[in-house]
2 protein chains.
Amino acid sequence: MTKKPADPAGENAPAARQVPMRDFSRSLPMSLLRAREAVMRQFRPSLREHGLTEQQWRILRALAGIEAAEVTELARTAFLLGPSLSRILRDLEARNLIERKTAKADQRRSMVSISKEGVKLMASVAPTSEAIYAEITRRFGARKLVELQDMLGELEQSLAGLGSGEGASAEE
Amino acid sequence: MTKKPADPAGENAPAARQVPMRDFSRSLPMSLLRAREAVMRQFRPSLREHGLTEQQWRILRALAGIEAAEVTELARTAFLLGPSLSRILRDLEARNLIERKTAKADQRRSMVSISKEGVKLMASVAPTSEAIYAEITRRFGARKLVELQDMLGELEQSLAGLGSGEGASAEE
DNA sequence: CGGAGATACTTAACATGTTAAATGAATGCG
DNA sequence: CGCATTCATTTAACATGTTAAGTATCTCCG
């Protein structure tokens with residue numbers, strides 16, 4: 001493996017810090033990023049084998065349990081920004097994994113639904129995906145997993161309505 | 001705000017689910033993604049005002065406390081992939097925020113360090129950044145924040161050495 | 001010492017994140 | 001009714017994520 005003898009995170013630096021910031025590796029965004037990456041690393045290879053990216057898979061999953069959804073709604077559910085979703089839907093449609101038809105009442109809206117092929121693809125991916133999730137749960141502990149997700153939800157709630165012009169004063 | 005009366009996550013679907021998967025919005029990757037986004041949403045505007053992206057800021061922070069670092073080491077510290085780092089370093093160097101010189105002993109390695117200008121820029125961003133972090137801590141609770149980060153670290157540990165060919169058998 | 005293999009970094013190619021602007025369609029109000 | 005405003009979606013432009021391939025350098029072994 002040719003591991004270096006020590007210094008697992010740049011600890012050998014000769015103490016030249018002038019700005020008294022929180023230790024970098026322990027910042028909340030970093031912790032969240034690393035944890036998420038550790039999790040996604042487990043899923044990516046399997047998805048890749050089926051020709052799907054993480055985001056494409058999110059969209060299929062979001063569509064799996066419903067008849068159809070508007071693009072905006074889907075963006076919220078799959079947690080994707082509009083432009084990303086727009087591109088991905090174009091590609092998924094070209095691959096016949098989803099279907100689209102504009103709403104009758106409002107020509108602006110388009111209803112998106114998963115296709116038969118899409119369902120089939122999901123069925124072929126889901127078992128592996130579930131197995132991986134089960135293994136993660138086993139390793140980390142089911143109890144702790146629930147606890148972690150509760151805390152993540154609370155964090156999200158704590159910050160809801162901050163920073164996005166949601167606050168108070170200056171509108172533009 | 002024009003909130004729809006109900007249906008906070010596509011619950012109005014007429015029960016067409018055939019694949020018995022975990023509720024989408026409660027998957028671990030989604031929870032982590034949403035939590036991280038909620039946090040980053042707080043920081044991005046401030047960084048943007050200073051002409052920095054999140055990743056550029058991570059690199060400057062990683063360099064702030066040390067004399068210099070090799071690119072690979074920096075990639076590990078700032079949690080960026082080599083190609084991303086390569087591009088970003090090129091841009092940061094063009095903006096004179098970092099400096100680079102190839103190591104004497106090994107011409108392959110290049111030592112990266114933050115420049116005087118880089119330090120100045122950090123000093124102008126850090127106060128706001130710290131204030132935001134403090135507000136997040138206040139809202140979520142300092143105690144819980146530590147607990148959350150501990151759990152995230154444990155999760156990372158639980159999954160270390162899975163999935164990346166680290167396992168056992170099939171090499172290629 | 002010389003070339004096969006390993007190493008550090010960069011480039012390439014494609015997909016997504018992020019913000020701003022454009023497009024097309026509905027709504028409201030005078 | 002007509003048009004400014006709002007809304008849903010897409011396009012554009014730039015930055016990063018992700019994997020594969022390329023380039024230069026170094027190491028080691030015969």
Side-chain angles (χ1 to χ4, degrees), chain A residues 1-4 29 33-34 36-37 40-41 43-45 47-49 51-59 68-76 78-95 100-112 163-165 172, chain B residues 1-4 29 33-34 36-37 40-41 43-45 47-49 51-59 68-76 78-95 100-112 163-165 172:
Chain A
M1 276 307 196
T2 58
K3 286 183 182 175
K4 300 251 185 77
L33 179 57
R34 285 208 293 239
R36 185 174 142 81
E37 178 54 27
M40 283 317 299
R41 200 196 317 283
F43 290 100
R44 259 190 284 270
L47 291 178
R48 187 172 175 69
E49 277 179 19
L52 287 175
T53 66
E54 177 196 336
Q55 293 82 356
Q56 292 168 345
W57 175 242
R58 285 222 297 276
I59 292 173
E70 299 173 11
V71 172
T72 302
E73 187 188 348
L74 188 54
R76 194 162 35 80
F79 210 72
L80 292 169
L81 293 177
S84 296
L85 183 53
S86 213
R87 281 176 306 213
I88 301 173
L89 288 179
R90 167 167 48 70
D91 299 346
L92 291 180
E93 190 176 22
R95 287 167 64 183
R100 233 187 318 196
K101 55 183 175 183
T102 58
K104 295 152 199 157
D106 188 337
Q107 296 293 110
R108 293 172 305 182
R109 293 171 157 80
S110 89
M111 303 304 292
V112 184
S164 299
E172 189 70 14
Chain B
M1 269 307 171
T2 61
K3 286 184 182 174
K4 301 251 184 76
L33 180 57
R34 286 209 292 238
R36 185 174 142 79
E37 179 54 28
M40 284 316 300
R41 200 195 317 285
F43 289 100
R44 259 190 285 269
L47 291 177
R48 186 172 176 70
E49 278 179 18
L52 288 174
T53 66
E54 177 195 336
Q55 292 82 357
Q56 291 168 346
W57 175 242
R58 286 221 298 276
I59 292 173
E70 298 172 11
V71 172
T72 301
E73 186 189 348
L74 188 54
R76 192 162 37 79
F79 210 71
L80 292 169
L81 293 177
S84 296
L85 185 53
S86 216
R87 282 176 304 212
I88 300 174
L89 288 180
R90 167 167 49 71
D91 298 348
L92 290 180
E93 191 175 22
R95 288 167 64 184
R100 235 189 315 199
K101 55 183 177 185
T102 57
K104 295 153 198 157
D106 189 338
Q107 295 293 109
R108 293 171 305 181
R109 292 171 156 81
S110 89
M111 303 304 292
V112 184
S164 299
E172 189 68 13

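Here is how names work: the chains are called A, B, and so on, in the same order as the sequence lines, proteins then strands, and each is numbered from 1.
Shown are B:L89, B:I88, B:L47; of these, the side-chain contact (heavy atoms from CB on, under 4.5 Å) with B:Q56 is made only by B:I88.
As rounded to whole Å, 11 Å separates atom P of D:dT11 from atom CG of A:L89. In this structure, the CE atom of A:M40 is 12 Å from the C1' atom of D:dT18, given to the nearest Å. Summarising the geometry, the separation between CG on A:L52 and P on C:dC14 is reported as 19 Å, rounded to the nearest angstrom. One interatomic measurement links the two molecules: CG of A:L74 to P of D:dT9, which rounds to 10 Å at whole-angstrom precision. One atom, CD of A:E70, and another, P of C:dA26, lie 13 Å apart when rounded to the nearest Å. In this structure, A:R109 atom CZ and D:dT10 atom P are separated by 13 Å, rounded to whole Å.
Annotation: the span from B:L92 atom CG to B:L52 atom CG amounts to 7.5 Å, rounded to 0.5 Å. Note that CZ of A:R109 and OG1 of A:T102 are 12.0 Å apart. Values are rounded to the nearest 0.5 Å.
Nearest heavy-atom pair, A:G51 versus A:R95, reported as atom, atom and distance to 0.1 Å: O-NH2, 3.0 Å. Of all the heavy atoms in A:Q107 and A:K104, the pair that sits closest is OE1-O, 3.4 Å. When every heavy atom of A:R58 is checked against every heavy atom of A:F79, the shortest pair comes out as NH2-O, 3.2 Å.
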For nucleotides 20-29 of chain D, 5' to 3', base contacts (B), sugar-phosphate-only contacts (S) and non-contacts (-) with protein non-hydrogen atoms under 4.0 Å give B----BS---
Please tabulate, one pair per line, each protein N/O and nucleotide N/O from nucleotides 2-5 of chain D that are separated by under 3.5 Å, including the distance.
none

Could you go through nucleotides 15-17 of chain D and list every protein N or O atom that sits under 3.5 Å from one of its N or O atoms, giving the distance for each pair?
residue	atom	partner	partner atom	Å
D:dT16	OP1	B:T53	OG1	3.0
D:dT16	O3'	B:Q55	NE2	2.9
D:dG17	OP2	B:S84	OG	2.7
D:dG17	N7	B:R87	NH2	2.8
D:dG17	O6	B:R87	NH1	3.0

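Here A:R108 pairs with A:D106 under the salt bridge (charged side-chain N to carboxylate O under 4.0 Å, His left out) rule; sequence neighbours left out. With sequence neighbours excluded, the residues that form a side-chain contact (heavy atoms from CB on, under 4.5 Å) with B:R87 are B:S84, B:R90. Residues forming a side-chain contact (heavy atoms from CB on, under 4.5 Å) with B:A75 (at least two apart in sequence, or on another chain): B:L85.
Side-chain contact between A:R44 and A:E37: present, with at least one pair of heavy atoms (C-beta onward) separated by less than 4.5 Å.
A salt bridge is absent between B:E70 and B:R76; no separation between the charged side-chain nitrogens and carboxylate oxygens falls under 4.0 Å.
Counting non-hydrogen atoms under 4.0 angstrom, B:T72 reaches the backbone sugars and phosphates but no base.
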